[in-house]
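Read the structure below first, then the notes.
Counting starts at 1 for both ligands and their atoms, following the listed order.
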Amino acid sequence: MARRRKLIAGNWKMNGLKAQMREARTLAARLKRASPRPKCDFLICPPATLLAPLAAGLRSSRIRLGGQDCHVNEAGAHTGDISAEMLKDAGASFVIAGHSERRADHGEASGLVAAKVAAAHRAGLTAIICIGETLKQRKAGRAGAVVSAQLKASLPAGAVAKNTVIAYEPVWAIGTGVSAGLDDIEKMHGSIRKTLAKLLGAGEADSMRVLYGGSVKPGNAGDILKLDNVDGALVGGASLKASDFWAIGKAVA
Ligand code: PGA
């Protein structure tokens, strides 16, 4: 089995004025002092307004930065949108694609998500593709089928482990304080890995990181992060406080 270094990714969503950058600096300072270092990579996806100043402030740290969404085009008449090239130019090396809040708030379907992931690759960014079922779909026994259909339709040609990360985020677990059960997470991650093997071949599937997201906190991170096929976490609320985010990274065994 490939050794997949765990990724602890923070999604600040539409939170954070300039003062919020203090939390990222605190995290960077802890990382610098830590001995031994946590066995994971840290990524922060701030609102686009904070990308460039954070990139300047974190230059000497190992913390990576990412965008939360991108347009499919490189440039053009698309008021309010941001291209993958712009994110890269501002200091990002990652971008989230197809977060359930974008799928719900902006009607983004998996075909568009695949085009955004391809745009991320064109710009040299690693894409984090979010997939996950709603509570209604889970209760109807359709969680596995929904997640595998989303995965297939959201992966563009050219997606490989080096430029793509998958994040399984059950919609009902996001921001609710209730994460999915450990058995359910392990089962879904196992089936995502199998679907990846069918789509990309065993080698790429074995190397690609599959994160869990949905109410990950310092208190449950250790148990979640040691499950088979869980290669990190996508963290919303708890990524806004350096102490919580750091504790989640430290929970990587
Ligand atoms: P949460 O959000 O950690 O606040 O549940 C996770 C996410 O939306 O990525």
Side-chain angles (χ1 to χ4, degrees), residues 6-16 20 23-24 27 40-48 50-51 63-70 87 92 94-108 110 113 116-117 120 125-135 137-138 143 146-147 150-151 154 164-182 184-185 188-189 192 209-225 227 230-252:
K6 290 205 173 22
L7 175 64
I8 304 299
N11 173 12
W12 285 4
K13 310 191 179 184
M14 198 173 74
N15 296 294
Q20 173 67 22
E23 300 297 324
L27 183 74
C40 65
D41 298 325
F42 281 103
L43 164 70
I44 294 176
C45 299
L50 297 183
L51 260 179
I63 300 170
R64 317 294 297 277
L65 291 171
Q68 298 177 7
D69 175 53
C70 66
L87 295 172
F94 284 76
V95 63
I96 298 170
H99 189 280
S100 67
E101 286 151 17
R102 298 232 31 115
R103 291 179 188 259
D105 294 355
H106 300 272
E108 291 189 6
S110 295
V113 175
K116 290 185 173 201
V117 174
L125 298 178
T126 299
I128 301 178
I129 304 178
C130 300
I131 50 178
E133 81 287 357
T134 63
L135 190 56
Q137 290 164 334
R138 172 156 289 267
V146 166
V147 166
Q150 279 181 347
L151 180 57
S154 304
T164 307
V165 173
I166 308 299
Y168 167 57
E169 297 205 303
V171 177
W172 48 273
I174 294 176
T176 58
V178 185
S179 68
L182 297 177
D184 288 336
I185 297 173
M188 189 63 87
H189 279 241
I192 289 171
R209 295 194 275 197
V210 183
L211 316 183
Y212 167 78
S215 296
V216 176
K217 316 172 261 228
N220 61 16
D223 286 340
I224 293 172
L225 290 167
L227 296 173
V230 174
D231 309 311
L234 182 53
V235 185
S239 72
L240 290 166
K241 270 182 65 189
S243 53
D244 285 351
F245 198 45
W246 175 250
I248 291 170
K250 290 267 284 180
V252 174

Can you sort out the partners of Ala247 under side-chain contact (heavy atoms from CB on, under 4.5 Å), two or more places apart, ordered by chain and number? Pro218

Ring-plane angle category for His189 and Tyr168, please: parallel below 30°, perpendicular beyond 60°, tilted otherwise. perpendicular

Under 4.0 Å from ligand 1 - residues by heavy atom, chain and number: Asn11, Lys13, His99, Glu169, Ala173, Ile174, Gly175, Gly214, Ser215, Leu234, Val235, Gly236, Gly237

Closest non-hydrogen atom pair between Pro46 and Ile44, with its separation: CD-O, 3.2 Å

Going by distance alone, is a donor N or O of one side chain under 3.5 Å from an acceptor N or O of the other, for Trp12 and Gln68? no

For Arg64, all residues meeting salt bridge (Lys or Arg N to Asp or Glu O under 4.0 Å), sequence neighbours excluded: none

Which residue pairs pass the salt bridge (Lys or Arg N to Asp or Glu O under 4.0 Å) test when at least one of the two sits in residues 238-247, sequence neighbours left out? none

